[in-house]
*Asks:* 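The structure is given below, and queries will be raised subsequently.
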Amino acid sequence: MEGGFSWKRAFILAGACIALVIGSGFATGQELVQYFTAYGLGGLLVVVTFALIFIYYNLSFARVGSEQHYEVGNDVFRYYCGKYLGTFFDYYSTIFCYMSFFVMVGGAASTLQQGFGLPVWVGGVLVAAIVVAIVSLGLSKLVDIIGVIGPLKIAFFIVIGAIVLGMDWPQLPEGLEAIATNQLAGATADEGIVKAGENWLIAGLSYAGFVLLWFASFMTLLGAKNNRRSLNVGIVLATVVICAAIVIIYFAQVANINTGHGDLFVWNAPIPNLILADKVWPPLSYVYAVVVFIGICATAVPLLYNPVARFAKEGTPRFRLLAIGLGVAGLIIGLFVPYRTLVNTVYVINGYIGALLLIFMVVRSVRDFLARRNKAADESTADSLD
């Protein structure tokens, strides 16, 4: 474990948390449309649900990592769920992180295609090559790299969202009405915004749930290798920044829900945030596409690292070969499945599995709390008898 509390380390760890959440779905805006914008003002309740759960489980993973000093982060699943269910979640989370890597490849490909008109394989190949190279450097370098990228990219997204919202906030009532009544530009009778769930609560649980599976192993390892207070402060800082970014950008999307070009609008575009960037200044959409691409790379790194580290020891030839093999396989899958389908299928379904894990975490937390309280009571009784 590294030394005492450090604000510098707390900010780097916060940046790493931000980088993992602000992936292709967030940066492109596709994830925000499905989880927040589609619910109108109900999206605020999605944000609150996500924030509370996000802080809870990340602080919990950090605590377990600090106390248990696991060498393999996925051991945290056995801590919360026992041997058999823990083993299931262990392998399932590994598979899910790898599936999420497919989404990153698809997001990179769609971003460069919509932003620059490049063939889809260009973005996919670039992100896969960059991610494999960084994964091969190991966890410490990984955290340092994405810990710097995370704050920079979210600051850029917040600025763009704030400018658009400042320009178009009078259109919010109109946008909310269009969403509520399904009066969407270019939509046929049977079309509408793709939603993550039937209501805001399900969407909030799903959003927190799919991110939970990303963070379980990663945060447990960070807990084992960093000062606990630095990590806890980093988690809280990251949550505040992420939620602020969500609210600003999703309100900007609501105000521009029927803004678009040709047959692509904010509600149905693969990369809706490029439309927002274009409103600020048309050439800015090109800059935005580059920043989104960099952001996708930062998020994709730990998603590929998790399955590689699960089956090979870091720093070995096997580790590097597995990184290359899984990187190439993920590239192929990510290029051949439509991006919106990847986001809706991989994130939403796996979000429910993550919500199930959350139940086991709460049960274990309650049991641990009662055990500590009973122990303290027994010690107090023993002291009084003495």
Side-chain angles (χ1 to χ4, degrees), residues 1-2 12-13 15-17 19-24 61 65 69-77 87 89-109 112 120-150 153 213-226 293-337 342 346:
M1 176 184 292
E2 297 185 5
I12 289 176
L13 292 168
C17 293
L20 188 51
V21 174
I22 311 302
S24 69
F61 291 140
H69 302 291
Y70 290 133
E71 291 294 325
V72 178
N74 281 19
D75 286 342
V76 71
F77 296 116
T87 300
F89 277 109
D90 174 3
Y91 285 99
Y92 186 86
S93 70
T94 300
I95 294 170
F96 170 58
C97 284
Y98 185 49
M99 290 170 65
S100 298
F101 175 69
F102 306 162
V103 179
M104 300 304 127
V105 172
L112 294 191
V120 292
W121 64 266
V122 173
V125 169
L126 280 176
V127 73
I130 292 170
V131 169
V132 168
I134 296 176
V135 166
S136 299
L137 295 176
L139 182 65
S140 295
K141 288 292 184 182
L142 179 158
V143 171
D144 289 340
I145 292 171
I146 68 174
V148 172
I149 293 175
K153 66 178 181 177
L213 291 175
W214 285 2
F215 274 89
S217 175
F218 188 61
M219 193 58 65
T220 300
L221 286 177
L222 291 183
K225 298 182 179 182
N226 290 273
F293 180 82
I294 293 172
I296 290 173
C297 291
T299 302
V301 169
L303 296 178
L304 182 61
Y305 175 87
N306 182 281
V308 174
R310 179 63 184 79
F311 298 107
K313 185 176 181 179
E314 186 179 306
T316 62
R318 174 185 170 87
F319 183 91
R320 288 185 285 272
L321 286 174
L322 190 58
I324 294 171
L326 291 181
V328 171
L331 165 65
I332 294 171
I333 296 171
L335 290 179
F336 285 94
V337 180
L342 282 170
V346 174

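Sequence positions, counted from 1, serve as the residue numbers for this chain.
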*Asks:* Might you point out which heavy atoms bring G73 and L221 nearest each other, and give the distance in Å?
*Replies:* N-CD2, 3.6 Å
*Asks:* With R310, which residues qualify under side-chain hydrogen bond (donor to acceptor under 3.5 Å, both in side chains), at least two apart?
*Replies:*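 In terms of side-chain hydrogen bond (donor to acceptor under 3.5 Å, both in side chains), with neighbours along the sequence ignored, R310 is linked to D90, Y91.
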*Asks:* Please assess I134 against I145 for the test side-chain contact (heavy atoms from CB on, under 4.5 Å), listing each intermediate value before the final yes or no.
*Replies:* CA-CA 9 Å; I134 296 176; I145 292 171; 4.1 Å; yes
*Asks:* For L304 and G327, which heavy atoms make the closest approach, and how far apart are they?
*Replies:* CD1-N, 4.2 Å
*Asks:* Can you tell if the side chain of L303 reaches within under 4.5 Å of the side chain of L20, non-hydrogen atoms only?
*Replies:* yes
*Asks:* Which is it for L142 and L137 under the side-chain contact (heavy atoms from CB on, under 4.5 Å) test, yes or no, and what are the steps along the way?
*Replies:* CA-CA 7 Å; L142 179 158; L137 295 176; over 6 Å; no
*Asks:* Can you measure from CZ (F319) to OG (S136) and round to the nearest 0.5 angstrom?
*Replies:* 6.5 Å
*Asks:* Can you tell me how far apart CZ (F77) and CZ (F61) are? Round to the nearest 0.5 Å.
*Replies:*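 If I round to the nearest 0.5 Å, the distance is 6.0 Å.
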*Asks:* Please report the shortest heavy-atom distance between A298 and I146, naming the atom on each side.
*Replies:* O-CG2, 3.4 Å
*Asks:* Tell me the closest heavy-atom pair linking G315 and R320, and the distance in Å.
*Replies:*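 Looks like O-NH1, 3.2 Å.
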*Asks:* Begin with the C-alpha distance, continue with both residues' side-chain angles, and end with the deciding distance and a verdict on side-chain contact (heavy atoms from CB on, under 4.5 Å) for Y92 and L213.
*Replies:* CA-CA 9 Å; Y92 186 86; L213 291 175; 4.1 Å; yes
*Asks:* A side-chain contact here means heavy atoms from C-beta on lying under 4.5 Å apart; do T220 and N74 qualify?
*Replies:* no
*Asks:* Using the ring of each side chain (for Trp, its six-membered ring), is F102 parallel, tilted or perpendicular to Y98, with breaks at 30° and 60°?
*Replies:* perpendicular
*Asks:* Are N306 and T94 close enough that some pair of their side-chain heavy atoms sits under 4.5 Å apart?
*Replies:*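 Touching, per the 4.5 Å side-chain cut-off.
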*Asks:* Answer yes or no: does atom CZ of F311 have more than 12 heavy-atom neighbours from other residues, nucleotides or ligands under 6.0 Å?
*Replies:* yes
*Asks:* Is there side-chain contact between L126 and L112, with at least one heavy-atom pair below 4.5 Å?
*Replies:* yes
*Asks:* Taking all heavy atoms of K153 and all of A19, pick out the closest pair and write down the distance.
*Replies:*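 Smallest interatomic distance, heavy atoms only, reads NZ-O, 3.3 Å.
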*Asks:* Mind checking the CG-CE spacing from N226 to M219? Nearest 0.5 Å is all I need.
*Replies:* 9.5 Å
*Asks:* I'd like to check L326 versus F101 (side-chain heavy atoms, cut-off strictly below 4.5 Å). Are they in contact?
*Replies:* no
*Asks:* Which atom pair, heavy atoms only, marks the closest approach of Y305 to E314?
*Replies:*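 Scanning both residues completely, I find the closest heavy atoms to be OH-OE1, 2.6 Å.
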*Asks:* Which word best sums up how the rings of F218 and F215 line up, parallel for under 30°, tilted for 30 to 60°, or perpendicular for over 60°?
*Replies:*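 The rings of F218 and F215 stand perpendicular, inter-plane angle above 60°.
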*Asks:* Kindly compute the distance separating SG (C17) from CD1 (I22), expressed to the nearest 0.5 Å.
*Replies:*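 If I round to the nearest 0.5 Å, the distance is 11.0 Å.
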